[in-house]
A.B. asks: 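My questions all concern the structure below.
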2 protein chains.
Amino acid sequence: MHHDADIRVAIIEDDVTIREGYAYLIGNTDGYKIAGTYASCEDALRKIAHDDPDVLLLDVELPGISGIEALPKLKKAVPDTHILILTVYEEEMLIFRALGNGAEGYLTKNTPPDKIVAAIHEVMDGGGPMSANIARMVISSFKRNDSSPLTRRETEILEQISTGKSRKRIADELYIDLETVKSHIKNIYHKLDVHSKADAIKAARENKFI
Amino acid sequence: MHHDADIRVAIIEDDVTIREGYAYLIGNTDGYKIAGTYASCEDALRKIAHDDPDVLLLDVELPGISGIEALPKLKKAVPDTHILILTVYEEEMLIFRALGNGAEGYLTKNTPPDKIVAAIHEVMDGGGPMSANIARMVISSFKRNDSSPLTRRETEILEQISTGKSRKRIADELYIDLETVKSHIKNIYHKLDVHSKADAIKAARENKFI
DNA sequence: AAAATTATCCCCTTTATTGAGGTATTTTAT
DNA sequence: ATAAAATACCTCAATAAAGGGGATAATTTT
């Protein structure tokens, strides 16, 4: 029932029932075959290079090395494998760390089987499958706060500061006087109630003013 | 055929054929009704508050004020309306600006009609609908470069620098000597071939080292 | 176990930047 | 018209930055 063009899928998941459930589901779908299943990242790291999957379904909450910690090592072992996170966790921190470490998709475990299979296909096809709520969180992370107390110019200058530029350089690049930049910074500090560059950047980033 | 619980959809699109095509499609789908269609953002800004749509489909390439420029104003006019970008453009800059300005989804115009209707429903439901390639770009934007020349510690220190902290403060927070921080910075500058904080941050961000 | 990398600490110098206290004019929106 | 925003100027002391020269301990990797 499987041939050379089948998409090779591997699974790292500690719960044997879930793991075998996915394996059964995917293995019995036309066009897909199971390249390997592993109960831990340690186990996976030993065998995965040999199994050479096209797509890896990865649980993040695992005993021993967590899925996220293992991500860079897995990427190194099988650089061309597309990694899909499949987890119950929906914390922002975990999501962004996973994506930052090379995951190319993020699904929650309530995803119905047919969507999981579709996601495997999508990630092979250059897409970035995400569960709806994950996608919304990811999109939200880009969104500026539209009730910032900073004026446009102040925002612009704080952005420049956050790139590490000196006030002199900012003045030169915006074609304004150094004293003007200093005035703006003074006003920014007052508005954000801070007394240093670092605190201003922190406050502004936390509140998505920049 | 429509009742009070229908999802009210508005469209801003300059091409009359496309605009009426969408309107026809959505208006004839059960559970949806057209709250308004506009050929320009100027027109929309005049009427949209009265039309009060639940979801707004927005083209980005428009004559006059572009869709992206109008986004903050539209958000202000109808704060509770979910805005979905529907465009042929797939440039990173545009995507991130749109999401940063309050768009809650981003679809390309090759999206089949049933997917557009599904996306309208998804965004109402708290999701963040994106075309597959857009989702991949968004995910890629989080991904670190796994072949950074910087060591873990150097990366950590450069991250701290990018938050605006002084070397002294970084030293204190990492429980290492100021001189150690300075040495790391020296090495970072050499590796990135730069001679200032701003250039180091710029180089590191461009290459996704931080 | 050797080699390479990484992390740590110390000295020196000079210039540039920062933050805080003011005041005041011009430009841009509403 | 009248706010709000952007612009510019002043002084001051304290700190940070950048560049150079070293050395050694602690890890990893091979």
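Just so it is clear: chains get the letters A, B, ... in the order the sequence lines come, proteins before strands, and each one is counted from 1.
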A.B. asks: Indicate whether any N or O donor in one side chain lies under 3.5 Å from an N or O acceptor in the other, for A/Asp199 and A/Tyr189.
C.D. replies: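 Distance-only check fails for A/Asp199 and A/Tyr189.
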A.B. asks: Nearest whole Å is fine: how far is C/dT8 C1' from B/Arg153 CZ?
C.D. replies: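 In whole Å, C/dT8 C1' lies 10 Å from B/Arg153 CZ.
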A.B. asks: For B/Asp177 and B/Pro149, take the nucleotide of DNA chain C holding the closest heavy atom to each; which residue's nucleotide lies nearer the 5' end?
C.D. replies: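 It is B/Pro149 whose nearest nucleotide is closer to the 5' end.
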A.B. asks: Taking atom OH of A/Tyr106 and atom CD1 of A/Ile83, what is their separation to the nearest 0.5 Å?
C.D. replies: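 Interatomic distance, A/Tyr106 OH to A/Ile83 CD1, rounded to 0.5 Å: 13.5 Å.
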A.B. asks: Pick one: which of A/Thr87, A/Ile134, A/Leu86 meets side-chain contact (heavy atoms from CB on, under 4.5 Å) with A/Thr108?
C.D. replies: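 Single pass found, and it is A/Ile134.
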A.B. asks: Should B/Asp59 and B/Lys109 be marked as a salt bridge (charged side-chain N to carboxylate O under 4.0 Å, His left out) after you check the CA-CA gap, both sets of side-chain angles, and the distance that decides it?
C.D. replies: CA-CA 9 Å; B/Asp59 194 7; B/Lys109 275 188 178 162; 3.3 Å; yes
A.B. asks: For the OG atom of A/Ser66 and the CZ atom of A/Arg97, what is their distance to the nearest 0.5 Å?
C.D. replies: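 A/Ser66 atom OG to A/Arg97 atom CZ measures 6.5 Å (nearest 0.5 Å).
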A.B. asks: Which residue, B/Ile11, B/Val55, B/Val9, forms the side-chain contact (heavy atoms from CB on, under 4.5 Å) with B/Leu84?
C.D. replies: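 With B/Leu84 as partner, side-chain contact (heavy atoms from CB on, under 4.5 Å) holds for just one option, B/Val55.
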A.B. asks: Please round to 10 degrees the angle between the axis of the first five pairs and the axis of the last five pairs in the helix from C/dA1-D/dT30 to C/dA29-D/dT2.
C.D. replies: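 If I round to tens, the end axes sit 90° apart.
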A.B. asks: For a quick check under 3.5 Å, do B/Ser147 and B/Asn145 share a side-chain donor-acceptor pair by atom type?
C.D. replies: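 Distance-only check passes for B/Ser147 and B/Asn145.
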A.B. asks: Polar pairs (N or O, both sides) under 3.5 Å between protein and nucleotides 25-30 of chain C?
C.D. replies:
none

A.B. asks: Send over the distance from B/Ile176 CD1 to C/dC10 P, rounded to a whole Å.
C.D. replies: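 Atom-to-atom, B/Ile176 to C/dC10, this comes out as 12 Å.
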A.B. asks: Could you tell me the separation between the CG atom of B/Leu150 and the P atom of C/dT5, rounded to a whole number of Å?
C.D. replies: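 After rounding, the gap between these two atoms is 15 Å.
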A.B. asks: How does each nucleotide of nucleotides 14-22 of chain C score, in 5' to 3' order, for protein heavy atoms under 4.0 Å: base (B), sugar-phosphate only (S), or none (-)?
C.D. replies: ---SSBBBB
A.B. asks: Are A/Glu156 and A/Lys165 within salt-bridge range, i.e. N to O under 4.0 Å?
C.D. replies: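 Salt bridge between A/Glu156 and A/Lys165, a charged N being under 4.0 Å from a carboxylate O: no.
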A.B. asks: Is there a donor-acceptor contact under 3.5 Å linking the side chains of A/Ser141 and A/Glu92?
C.D. replies: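 Looking only at side-chain atoms, A/Glu92 and A/Ser141 do not form any donor-acceptor pair under 3.5 Å.
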A.B. asks: Applying a 4.0 Å non-hydrogen cut-off, can you work out what B/Thr151 is touching in the nucleic acid: base, sugar-phosphate, or nothing?
C.D. replies: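 Sugar-phosphate contact only - B/Thr151 comes under 4.0 Å of backbone atoms but never of a base.
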A.B. asks: So, are A/Arg46 and A/Asp43 salt-bridged, with charged N and O less than 4.0 Å apart?
C.D. replies: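 Yes, charged N to carboxylate O under 4.0 Å.
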A.B. asks: In whole angstrom, give the distance that lies between atom CD of B/Glu154 and atom C1' of C/dT6.
C.D. replies: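 From B/Glu154 CD to C/dT6 C1': 8 Å.
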A.B. asks: Under the salt bridge (Lys or Arg N to Asp or Glu O under 4.0 Å) rule, collect the residues that match up with B/Arg205, sequence neighbours excluded.
C.D. replies: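 With sequence neighbours excluded, B/Arg205 shows a salt bridge (Lys or Arg N to Asp or Glu O under 4.0 Å) to no residue whatsoever.
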A.B. asks: Report the distance from atom NE2 of A/His184 to atom CD1 of A/Ile157, rounding to the nearest 0.5 Å.
C.D. replies: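 The distance works out to 4.5 Å.
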A.B. asks: Could you tell me the boundaries of the chain A footprint on DNA chain D, defined by atoms under 4.0 Å from its heavy atoms?
C.D. replies: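 The footprint of chain A covers D/dA5 to D/dT11.
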A.B. asks: Sequence neighbours left out, what passes side-chain hydrogen bond (donor to acceptor under 3.5 Å, both in side chains) with A/Asp54? Give chain and number order.
C.D. replies: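 Per chain and number, A/Asp54 pairs via side-chain hydrogen bond (donor to acceptor under 3.5 Å, both in side chains) with no residue.
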